[in-house]
Amino acid sequence: LIVMAQSDIYKIKLSDITAGNFTWVKQAISSGNNIHKAQIFSADNALLIGLGQVFKTTADKGKSWVDVPLPVVPLQDADMDFNGLRNIKDTAYACLNRFYMPGYTSSSTAPYVYWSGGIFRTTDNWATWTSVDAALIGKDEGNDVSKNPQLPACNGLNTSVIEYAGNNVVLVWARWYDVSGATKAEHSRVFRSADGGKNWKVVSDDYSTFVQDIRFRGDTGYISGNK
């Protein structure tokens, strides 16, 4: 059993819990960087992701963690902050946060410019990666700024939570800024793709809550979060 606690993890054997021995083993993973998600594949193999470009795997029950080689992206001296992960066997999706780019020269009239969040996909358990075009999320939802983060009045698309339900069905909770009014507003919705991220449809209300996770069991799905 692995429990994530900011930049550390705590481990305990299930046999020890059953026996009433609640001695946890603490292990530092990445100082100062929150660990956000874990995927356990077997008794020996697991994967951790988090802020500060944390993307680590173990093949020895967590005794050691090795960095997974990451794709190169055109960021300005900033690490990718991974926030979501979901595997079904060797096929998986991971999403990362947007980046604020202070002082970036832009034609935008907004006083803040963001490099949008992103989604990566693998079919061989992260031996190789492909990028899912986040600019497609919501683009077919018309001129409603609460549904289409690709409109000129919107920026800072943040792909925060992801779920892979199998058979190319992907759900992502995204949030973004809307500067069409006198003051900046934020919208967030769950989008669904049935073709691995080529086309997306809104499937939720415009949430004022912060979504923490999306899970599906068969045809039944759950969205959890906090206000």
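Note that the structure is predicted; figures quoted are calculated from it, not measured. Numbers for residues simply follow the sequence, beginning at 1. Quick note: numbers below take in every heavy atom, side chains included, and nothing from hydrogens, waters or symmetry partners.
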*Asks:* Kindly say whether S160 contributes a backbone atom to a donor-acceptor pair with the side chain of N83 at under 3.5 angstrom?
*Replies:* yes
*Asks:* When hydrophobic residues are tied together by side-chain contacts of less than 4.5 Å, even through go-betweens, does I162 share a cluster with L136?
*Replies:* yes
*Asks:* Look at the rings of H187 and W176 and say which category their plane angle falls in: under 30° parallel, 30 to 60° tilted, over 60° perpendicular.
*Replies:* tilted
*Asks:* Search all heavy atoms of D206 against all heavy atoms of S188 and return the closest pair with its distance.
*Replies:* OD1-N, 3.0 Å
*Asks:* For a quick test of reading the model, state the closest non-hydrogen atom pair linking L47 to N87 and the distance between them.
*Replies:* CD2-OD1, 4.5 Å
*Asks:* Rounded at 0.5 Å granularity, tell me how far CE in M80 sits from CD in Q53.
*Replies:* 4.0 Å
*Asks:* Which heavy atom of G196 sits nearest to which heavy atom of Y93, and what is that distance?
*Replies:* CA-OH, 3.5 Å
*Asks:* Which heavy atom of F82 sits nearest a heavy atom of H36, and at what distance?
*Replies:* O-ND1, 3.5 Å
*Asks:* Closest heavy-atom contact between R86 and Y164?
*Replies:* CG-N, 3.5 Å
*Asks:* Could you grab the distance from atom CG of D205 to atom NZ of K147, nearest 0.5 Å is fine?
*Replies:* 9.5 Å
*Asks:* Would you check, one step at a time, whether the test side chain to side chain donor-acceptor pair (under 3.5 Å) holds for T23 with N21?
*Replies:* CA-CA 6 Å; T23 302; N21 177 16; 2.9 Å; yes
*Asks:* To the nearest 0.5 Å, what is the distance between OG on S146 and CD on E141?
*Replies:* 9.0 Å
*Asks:* Got a second to check how far K37's NZ is from L85's CG, nearest 0.5 Å?
*Replies:* 8.5 Å
*Asks:* What side-chain donor-acceptor pairs closer than 3.5 Å can you find for residues 4-16, not counting sequence neighbours?
*Replies:*
| residue | atom | partner | partner atom | Å |
| --- | --- | --- | --- | --- |
| K11 | NZ | Q27 | OE1 | 3.0 |
| K11 | NZ | G62 | O | 2.8 |

*Asks:* Considering only heavy atoms from C-beta outward, does the side chain of R189 approach that of V203 to under 4.5 Å?
*Replies:* no
*Asks:* Taking side chain as C-beta onward, heavy atoms only, is I49 less than 4.5 Å from V54?
*Replies:* no
*Asks:* With the side chain counted from C-beta on, respond yes when T130 and T123 share a heavy-atom pair under 4.5 Å apart, and no when they do not.
*Replies:* no
*Asks:* Taking side chain as C-beta onward, heavy atoms only, is F191 less than 4.5 Å from V170?
*Replies:* no
*Asks:* Spell out, as yes or no, whether a donor-acceptor pair under 3.5 Å connects the side chain of N167 to the backbone of V169.
*Replies:* no
*Asks:* Is there a continuous path of hydrophobic side-chain contacts, each under 4.5 Å between heavy atoms, that joins I2 to I35?
*Replies:* yes
*Asks:* Closest approach of G138 and W200, non-hydrogen atoms and distance?
*Replies:* N-CB, 4.1 Å
*Asks:* With a 4.5 Å cut-off on side-chain heavy atoms, are R98 and R175 touching?
*Replies:* yes
*Asks:* Using modelled atom types and a 3.5 Å cut-off, is there a donor and acceptor pairing between side-chain atoms of D81 and backbone atoms of G52?
*Replies:* yes
*Asks:* What distance separates N158 CG from C95 SG, expressed to the nearest 0.5 Å?
*Replies:* 8.5 Å
*Asks:* If only atom types and distance count, is the side chain of N148 paired as donor or acceptor with the main-chain N or O of G142 below 3.5 Å?
*Replies:* yes
*Asks:* Taking the six-membered ring for Trp, are W173 and Y207 ring centroids under 6.0 Å apart?
*Replies:* no
*Asks:* Judged by atom type as modelled, is there a donor-acceptor pair below 3.5 Å linking the side chain of T159 to the main-chain atoms of G118?
*Replies:* yes
*Asks:* Which word best sums up how the rings of W129 and F120 line up, parallel for under 30°, tilted for 30 to 60°, or perpendicular for over 60°?
*Replies:* perpendicular
*Asks:* Taking the side chain as every heavy atom from C-beta outward, state whether I223 and L171 have any pair of such atoms under 4.5 Å apart.
*Replies:* no
*Asks:* If hydrophobic clusters are built from ILVMFWY residues whose side chains come within less than 4.5 Å, do V190 and F210 share one?
*Replies:* yes
*Asks:* Below 4.5 Å, heavy atoms only, C-beta onward: do T58 and K63 meet side chain to side chain?
*Replies:* no
*Asks:* Is any side-chain heavy atom of W65 closer than 4.5 Å to a side-chain heavy atom of T57?
*Replies:* no
*Asks:* May I ask you to decide if V161's main-chain N or O and Q212's side chain share a donor-acceptor pair within less than 3.5 Å?
*Replies:* no
*Asks:* Supply the atom-to-atom distance D213 CG to E163 CD, rounded to the nearest 0.5 angstrom.
*Replies:* 7.5 Å
